[in-house]
Structures are given as structure tokens and as C-alpha cells.
Amino acid sequence: MEPYQPIEEYGTMSMEDPTSEKPRSTKLLDKDQPPKLSGKAWGRVSQFVRGKSDFPLSVFFIVGTEFCERFSYYGMKAILVLYMTNILLQPENTATALYHTFNMLCYFTPIFGAMIADGWLGKYRTILYISMIYMVGNIVMCLTALPPQTTGHPEIAGPMIGLVLIGLGTGGIKPCVSAFGGDQFTPDQEGPLQKFFSVFYFSINAGSLISTFMTPILRHDVQCWGNDCYALAFGVPAVLMFIAVTIFFLGRTVYKIYPSTGNIVWQVVETTAYAINNRCRHKHTDQKKAHWMDWAEDKYDPKLVTDIKDLYHILVMYLPLPIFWTLFDQQGSRWTLQAQHMDGSVGSWTIKPDQMQALNPVLIILFIPFFEVCVYPCLRHFNVPFRPLQRMTVGMLLAAVAFVLAGFIQLKIDSNEISLPGESRALVKVFNAAPCDIDVDSKFYTGPVPYANTTDYIDWAVGPYETTLKSSCEGIEGTTFNTKLEGRKGGNAVDLFVYNKQNTLGVVQVRGQLTKPPKGLSSLSLGWFTDNPSLDTDNLTVVVAHSNRKYNFEIPQYNITEYQEVEPDTYNIFLLGSNITVGQFETEQGGIYRLLLQPTNDPNSQEMTLKYHTEVEPNRVSMFWQIPQYIIITAGEILFSITGLEFSYSQAPASMKSCVQAAWLMTVAIGNLVVIIVAEAKIVDSQALEFFLFAGLMTLIVIIFAIMSYFYVYITPQGYEEHDEHGLLPSGHKDEEEEVPPKTPDGDGAIAMEGSYQGGDIIDPNQ
């Protein structure tokens, strides 16, 4: 789920103009109270749905818009990484990098959307115009999932254009929608406003939950042009985005629309640039300032300069935060790809790999009231110190623990899969499809292969090898042939099928498949190695069927088909045009199978039998083993994301709260950039080691952040007259300024630390 955004989001990123007629929203804004998303808050949702709330009519249009937009975004995003690997045929590392590039764009662009809304178009027109760009992006994604994209020759340019448009759209409206909702309330509607943000946050989670569960079903359970129906799975989010734009437009006559008031982010940039430039111009003089931002006071309002100092005091604590998002956002990429190699069977029902992401919004809905009602009160009851920065530290540590679990699960998955060799070697296996035992004499293997059996895969150096085959059956002559083992980038496997044709052993060599099929499917290949006069054909059509699911295999005589992906199930196998069933076979998720129609163990018989061989074992690790890591990282999200923003907003001056949100979203973008770098650099080959690498990196960041937290000086911004809703102020603290002599002079230091901070009032961090 997206990073938690508190109610100050409705402030967009604008600076309050005291001469403007725009109301300062409500007293709730001044008190800086985040919405209390407890069980009571969720009860407000039912009142809203039943029309018994005291909301303005315009709010219903805004909440409906948000639900449809979040449905569209999360529905598209849930299947995105599988679309890249299965349809666009991108390697997993490339797909991961593209996924996180898109995610980075979604969290980098909100600052520009806010600037447009505050400095030019206003919130209403910004939401409407950018939503249209958003909708076009969804349409492009739907169209690029149509043939010929799905026929094995995809072009990546179209999907990339669609993702760029969606990234610009969702990021552009992100800081505006809830802000626009806050504008619909008058200053005396404090209660309804708090209820609104509970309903608004619930609509985000509801849209995320429903779409994350539903779009994988549309993708997988509906077939289009012989493949998963990504066109439908992308088309439904596109329709929902069209509905979102329509709903928002229909409410235009009842909205309260205020003019743009100027952009505080740009003022911060201007003031900071001037301070740095002015300091550089005076660096060879004897003039000194208590803080480097004080060099801007000769041009800018001293109150603005002080507020910016308070802002930077907070932003220093943001430096380690991107790594949390590096881990958290891999739920939609690496964790989904991991789930493809796991068993989702639950009785007769199968969980799709991309459906596991739905756990996050479910757990968010459950955990927020649980933490508010149970966890935090219990900690307070037992006097356990758990201040905001401590909560964030624990949240980051939980993310590291979740990735340790993911790493151990990956080790178990890898133990059930075959490792492919490098380019200088190949794997080779011999299949005995003859009517009796055979003996193989070659450099890569010497020994018997019993009837209807195989050798294990043999790792051998590439090159040509002479191989001699002998039969244990009288009357069947042996043969000698040359086998060429070739290496490939990513590894290669060679399968040799030995058969009897007119009393002489023959061999067919094909490339093996050891990479598990995607989407939780099975891979199946059929061979025909009999000389049965009753089958007067050179190509045999074998039907593999169960209920309304049917797959046809065209098999040339004495040959074997390419692998075909099939749904895990139990199938009857029969010849086309005949009601004779030649066998029954069960496939499981992730399994790779060879089915051979071959003679019975009697060289004089013309009957054939069905023998099957498991090339790669099916997925044996249940997807339910991912549940603990989802639980732990979601608990970490509650402690880190919600607490982090509440802490930041309580410490930031009123004029800087929008800048805090811009910086917070930027940490998400930077966190995704780290994933891109790691995925593209291919620092480690093992996915398990990569999980452990991220866990170790997060642990290091936890240590750094814990040290920074210990020395952090809690402050009350000057002029901050709100109530302390976050437990940061010690008992008896007053809101007026206090004289706190510095312990050491800080001169022109960047950000003053303990006892030397030059912004708002200092709060003893040890109280």
C-alpha cells in the first residue's frame, strides 16, 4: 500500500497568505491532529455509505473519485511485474528495475503537481487535467496488451509510454485530492473533517484491496488470444479511471474552489539558494552567523528563515529513511516473483502470485486500530518509552527481519530447483524410450539406463562427443552417433531420447527446459516413439483435457514437442478422434514434465504405453510461508510511516508542513532508485543473498538512525501554539520561547545538534 499520508496533505504545498480570503481550513489543521484510524473511525465509513454523515455533498464526489483512482492504480500495479516478465519477456532483473522506475516516478512527480496546483491552476483544474493524462496512460497500457504484443514479439516502447503517463498522472494528483477534500469544510466543521479523512483513508485501502485481489483473477482466469488476458486486466483499471474522471467532473457545480496562493516549496528553494550564495560571498570576511540560513535574513522575512531552519533540522533525520522504502516497495516486485516459485494450492482453489500483495491493505485495515487500541496503550500502561523516533527505528528493524525471512524462504525454494551451469558447460540427460534396457558409452556418461527411465542431469563441458548405444533386446541393433553439447548464456540443458525404429536404436536431441514456468503454471511436453501400424499418420494429435480445459499437442513420429504451459490439474490423455484414454496425469504448480508414448517392455508387442518424467520438481514451498514476512513488514509500515509523518508534522512549523510532505514522498522515490541500482548492477546472482543484502543494509541504517535519534533535539517551532498531540513535550513545558544557552558555539555549522540548535524551542531529548 502507498505510504501513509496524514491529514496535512490537504494543505498541498502552499504558503498561507494572511490577506487571502481562503480559510485556514479548520481548527483541526491548527492542532495538527492526524486522523485517529481506530475501530471507531472505521465505523464512520458505514455512516458515510448510508448517507447519514453531515458531509457536504461535494465530499461524496471526491471520495468516489479517490476510490476509483486507487482501484485503477493498484489494479494495474498488481500485475505489472508479471506483465513485464511474461508478455514483454523481460528478465526478472530488468522487470524489477522497470517496476521500481515507475514507482519512483509516481513519488517524484507529486512535488510538481503541488506546484502546479498552488502556483498556477488551482486544485480543481490540476486534478481534472492531470487525471485525463492518467486515463490516457491506462488506455495505452490496455492497448499494448493486445496482439501482436501477446504473440511472442512484444515492443516495449508502448507500455513504457503508458507507464510514464500513469506515473505523471497519479503523482500529479497525489498531493491535491485529499487537500481539495479538506477545502470543502468550513472552520466550524472540525468533527466532520476528522470523519472525512477516516473515510478518505478507508477508500484508499478499499480500492487497493479489491483491485489487488480482483485484477489477478481477470488476468489469469480469462484467456485472450491463447494467453492470460492482460488486456482485460489493464482494461478494467482504465474503465475505473474513466469513471473517476467522470465522477470528479460531475461534482464541479458543488465544489468550493479557492484560488492558488503561491508555492512555499519554491520560496524555500529561493531562500536557501540565496543563503548559500550570500555565505560564499562573505567567506573571506570576518562576518559570522549563528546558522548558515541566517545569511538570508537581509532579504527574506526572519520568520521564514527560522521556519526553514526548523525544516532542515527535521530533514537531516530523513537521510537514512529511503532504505526502508527500498525494502517495502519490493512487495510488488521481488516478493511477487518469489511467489511465482511457490505453491498457492488451497484445496481446489489456487492463489495467484500477484494476489499475495492484497495482504498489505488487509493487514493495514486490521493493524491501525489494533496498534491504536491495544499496542500503544499497553506500552504506556507499563511505562515503556516508545517515542516517535524509537517507533520508527523499530519499524525499520522489522523490515530487516521481514527480508531475513524472505531470504530463508528463497533458500528453501532454491533447494528444489536445478542450478544451470555457466556458458562453458551444459547439462545432459538420456531418456530411454526403447522397449528394453540400454547401455550408454560416452565421456559424459557410461552405464545402463533401464527401460522407461532416465539418467540424472549430468554437468559436463561443452563440445562434441561420440556416444555408443547398445540394446539388451535381441534383434535390436545398437548405434553410434555424435552429440554436441553447447553452452548458452544463462545455462543450457540437452535431452537425448533413445528409441527403437525398425529394430535399430535411434536418437533425437532437443533442448531441455529447467526454468520454472511463470504465473504458477506447469510446463508439459509430449513425445511419440512407437511404430504402431494402426496409427497410419506421421503426426499424432494428443489431447490433454480436463472439464472445459483442453490442450492439443501435434507430435511428429519419433520426436518430441516444445513445452506448453498448462494449468495445474489432473488430466485425461487421449488421441484426437478416439475415445480411447491412454492415461491420466496430474500436473502441479511450477512442475516441468515430459510425457512419452513409447512401446511396452516387449519388443514383439505393438502396444504403446504412457510414461512420464518429472524434469523439474513442482513448487513445494507453500505461499502461506510468505504471510509472516507480510505481517512483519506491515507492522513495520505502521510504526515507520504513520509515526514518521506525525513526528515530522509535529516538529515542523505550520508554513513548512507541505515541504515536509514533499520531502517524505521524495524518500520513497529515492528508495526505489536504490532497488533499480541493485537490480541492474547485479551485485549478487542469488536472490536469497540479495534479500540478505537488503536486510543487512537496513540493519546498518537502523544503527545509524538510532544514533541520530539519540542526539536529536526535539523542538517546539517558534510561535507554535497548538496542543502537543504526540507526547513530544515534557510535562509543564510552555509554548513561549525559552532561553537555552548553547553548550558549544556552532558558528556556521550546517544543522546545530544538541544544545546548539538555532531554530525553535529546544526540548530535552532525555525527558
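Both backbone and side-chain heavy atoms feed into the values below; hydrogens, waters and symmetry mates do not.
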Applied to residues 408-421, the salt bridge (charged side-chain N to carboxylate O under 4.0 Å, His left out) test, sequence neighbours excluded, yields none

Residue pairs meeting salt bridge (charged side-chain N to carboxylate O under 4.0 Å, His left out), one or both in residues 680-702, sequence neighbours left out, come to R334-E690

Least distance between heavy atoms, [X] atom then [Y] atom:
X: W664; Y: G644; answer: CH2-CA, 3.8 Å
X: P237; Y: A233; answer: CD-O, 2.8 Å
X: L485; Y: A426; answer: CB-CB, 4.3 Å

[X]-[Y] side chain donor-acceptor pair, cut-off 3.5 Å:
X: D354; Y: T336; answer: no
X: D495; Y: Y457; answer: yes
X: T350; Y: Q589; answer: no
X: T170; Y: E69; answer: yes
X: T272; Y: Y312; answer: yes

Whether the side chain of [X] engages the backbone of [Y] through a donor-acceptor N/O pair (distance < 3.5 Å, no angle test) should be reported.
X: H313; Y: Q651; value: no
X: T85; Y: L82; value: yes
X: T144; Y: V140; value: yes
X: Q513; Y: T515; value: yes
X: R425; Y: D459; value: yes
X: K516; Y: G590; value: yes

side-chain hydrogen bond (donor to acceptor under 3.5 Å, both in side chains) filter on W460, not counting sequence neighbours, yields Y465

Would you be so kind as to tabulate the donor-acceptor pairs closer than 3.5 Å made by side chains of residues 389-407, with sequence neighbours excluded?
from	atom 1	to	atom 2	distance (Å)
Q390	OE1	F386	N	3.3
Q390	OE1	R387	N	2.7
R391	NE	F386	O	3.2
T393	OG1	L389	O	2.8

Which label fits Y714 and Y712: parallel for a plane angle under 30°, tilted from 30 to 60°, or perpendicular past 60°? perpendicular

Distance check, rounded to the nearest 0.5 Å: [X] atom [atom1] versus [Y] atom [atom2]?
X: Y230; Y: L88; atom1: OH; atom2: CG; value: 9.5 Å
X: L168; Y: L105; atom1: CG; atom2: CG; value: 5.0 Å
X: I633; Y: Q331; atom1: CD1; atom2: CD; value: 5.0 Å
X: D329; Y: N672; atom1: CG; atom2: CG; value: 4.5 Å
X: I409; Y: Q626; atom1: CD1; atom2: CD; value: 6.0 Å

> Are F371 and L639 close enough, and set up right, to give a side-chain contact (heavy atoms from CB on, under 4.5 Å), and what steps lead you there?
Replying inline: CA-CA 9 Å; F371 273 76; L639 293 170; 3.8 Å; yes

Please examine the side chains of [Y] and [X], heavy atoms only from C-beta on, and report whether any two atoms are closer than 4.5 Å.
X: M342; Y: F624; value: no
X: P154; Y: L89; value: yes
X: M76; Y: L163; value: yes
X: V621; Y: Q338; value: no

For the residue pair F640 and F328, is the inter-centroid distance of their aromatic rings smaller than 6.0 Å?
-> no

Original post:
Does Y563 have its ring centroid less than 6.0 Å away from the ring centroid of Y593?
Top reply: no

Residues at least two apart in sequence or cross-chain that pass salt bridge (Lys or Arg N to Asp or Glu O under 4.0 Å) with E615, listed by chain then number, are K429, R594

By disulfide (SG to SG under 2.5 Å), C229 pairs with (sequence neighbours left out) C224

